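Shown next, in C-alpha cells, is the structure this report addresses.
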Amino acid sequence: MSNNYKFKRDWENAEKAIYDGEGEFDIPIIVPEDYHNVEWIGFNKARATQNRENKGVHFFLDDYQFVRLWKNVDRYVDVLKSYDFVMSPDFSTYTDFPKAMQIYNHYRKHWVAAYLQEHGVHVIPTISWSTLDSFEWCFDGEPQNSTVAISSVGCSKTIDKFITGYNAMIDRLHPSTIIFYGDIPAECKGNIVHVSSFTEKWREAKMLGW
C-alpha cells in the first residue's frame, strides 16, 4: 500500500474526480439519458444476477446495502455497465437529518452518478427531497426534460408533503418520463412508468394465495 494512497483514501473520492457543479453547493451534474422500459432489480442483487439484458438497477433500499458503492465505486463499474440502466444511488435525506448531512447525501448521489456516467454507465437520476427548504438545493444537478425516478415507499403518513415535493419536481425539472417505485397517489400526474415495490409484490402474492 503506497503512502500516496494512505494520504488520499479519506478524501471523500475527491482524489478520483472533482466535477463542475450546479447551485450553491456545486452538486455534480447528471446528463440526460434516452430511456426504454426495463425490468428493475435492487443493487443488492446486481452482482449475483446473471441475465442482465433489458434490466436496470435501482437503489430503493436501506443505505447500508449500497454505501459500499460510495466507498469503492471502481469495484462496481464493470458490473453496472452490463445493465441497460442504473439509477443514481438514493442516499437518504430524512427530514430529521441535519441539513448538512442531507446536502452531503445529495452530493454523494450526484458524484457517484457523474462518475458512473463518465465510465460508460447509463444513469437515470433518482429524485428525492426533504423539507420545503430542501427545494433550494435538492434539484440541483438533475437534468431537465428527461427521465427521472422517484419512490413513494415510506411516505404514506406524509403523503401531502410527498405530493408537494412531487409537484415542485415537475415545476423545476419538467421530466419527460417518471419511473415511479411504489404506490402512485392519484394527485401525481405525468408520463409515469410504474415499478412495483417489494411490499406491493408481496401484497399481490398474498392476494393470489402464495
Side-chain angles (χ1 to χ4, degrees), residues 9-30 40 42-44 46 57-73 76 80 86-117 123-143 148-173 175 178-185 187-188 195 197-199:
R9 64 183 175 181
D10 294 322
W11 280 16
E12 298 291 316
N13 286 326
E15 79 282 6
K16 297 181 184 295
I18 296 177
Y19 297 103
D20 292 335
E22 180 181 24
E24 179 181 359
F25 304 105
D26 294 326
I27 303 301
I29 295 170
I30 301 175
W40 291 96
F43 175 74
N44 55 337
V57 176
H58 72 75
F59 292 86
F60 296 130
L61 308 162
D62 292 329
D63 289 29
Y64 78 88
Q65 298 197 65
F66 57 85
V67 69
R68 60 187 184 271
L69 178 63
W70 168 254
K71 293 180 177 180
N72 194 359
V73 64
Y76 299 97
L80 297 178
V86 175
M87 293 185 189
S88 54
D90 188 37
F91 293 110
S92 296
T93 55
Y94 295 127
T95 57
D96 56 353
F97 276 6
K99 183 177 180 179
M101 185 179 294
Q102 295 178 34
I103 295 170
Y104 170 65
N105 279 348
H106 184 62
Y107 171 85
R108 288 201 295 171
K109 172 174 68 174
H110 278 257
W111 187 94
V112 171
Y115 190 83
L116 292 177
Q117 286 191 320
V123 177
I124 301 297
T126 304
I127 313 300
S128 63
W129 50 87
S130 178
T131 53
L132 289 175
D133 62 355
S134 74
F135 298 171
E136 298 175 3
W137 50 263
C138 71
F139 303 120
D140 288 347
E142 312 291 7
V148 301
I150 64 167
S151 171
S152 62
V153 175
C155 297
S156 59
K157 295 182 179 180
T158 57
I159 195 64
D160 290 342
K161 294 180 180 178
F162 176 83
I163 293 169
T164 298
Y166 183 92
N167 289 334
M169 175 195 71
I170 296 292
D171 291 341
R172 175 74 176 268
L173 302 180
I178 302 163
I179 303 169
F180 204 121
Y181 185 81
D183 292 329
I184 304 175
E187 296 88 344
C188 292
V195 178
S197 68
F198 176 81
T199 301

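Hydrogens, waters and symmetry mates are skipped; everything else that's a heavy atom, side chains included, is used. Small disclaimer: the values here were computed from a predicted structure and weren't measured.
Across all their heavy atoms, P28 and A114 have their closest contact at CB-CB, 4.1 Å. The shortest heavy-atom contact between N44 and R68 is CA-NH2, 4.3 Å. Closest non-hydrogen pair, F162 versus C188, comes out as CE2-SG, 4.1 Å. Across all their heavy atoms, S128 and C138 have their closest contact at O-CB, 3.5 Å. The heavy-atom pair separating I163 from P185 by the smallest distance is CD1-CB, 4.2 Å. Here the closest non-hydrogen pair linking E22 and E142 is OE1-N, 4.1 Å.
In this structure, Y19 OH and Q117 CD are separated by 9.5 Å, a value rounded to the nearest 0.5 Å. The distance from the CD1 atom of I127 to the CZ atom of R172 is 10.0 Å, given to the nearest 0.5 Å. One finds the CZ atom of F97 at 9.5 Å from the OG atom of S130 (value rounded to the nearest 0.5 Å). Atom CD1 of I30 and atom CG of D140 lie 11.5 Å apart (nearest 0.5 Å). Rounding to the nearest 0.5 Å gives a distance of 7.5 Å between CD of Q102 and OG1 of T95. Note that the OG atom of S92 and the CG atom of L61 stand 10.5 Å from one another [nearest 0.5 Å].
When each of F59, F60, W40 is tested with Y181 by the rule ring-ring contact (aromatic ring centres under 6.0 Å, His included), just one qualifies, namely F60. Only one option out of F135, W137, W111 pairs with H106 in a ring-ring contact (aromatic ring centres under 6.0 Å, His included); it is W137. Of the listed residues (I178, T126, I170, I179), just one forms a side-chain contact (heavy atoms from CB on, under 4.5 Å) with V148, and that residue is I178.
Residues W70 and F91 meet the side-chain proximity criterion, which asks for heavy atoms closer than 4.5 Å. Side chains of D160 and T164 form no contact here, defined as non-hydrogen atoms less than 4.5 Å apart.
T93 and N105 share no donor-acceptor pair across their side chains, judged by distance under 3.5 Å alone.
In terms of the ring-ring contact (aromatic ring centres under 6.0 Å, His included) criterion, residue partners of Y76 (sequence neighbours excluded) are, by chain and number, F43.
Residue pairs that meet the salt bridge (Lys or Arg N to Asp or Glu O under 4.0 Å) test with at least one member in residues 94-104, sequence neighbours left out, do not exist here.
In this structure, the side chain of S152 engages the main chain of D183 through a donor-acceptor pair within 3.5 Å.
Under a cut-off of 6.0 angstrom, the local environment of OH in Y94 is sparse, with at most 12 non-hydrogen atoms contributed by other residues, nucleotides or ligands. At most 12 heavy atoms of other shown residues, nucleotides or ligands fall within 6.0 angstrom of atom CG in D20.
Checked against the 6.0 Å centroid criterion, the rings of Y166 and W129 do not qualify as a close aromatic pair.
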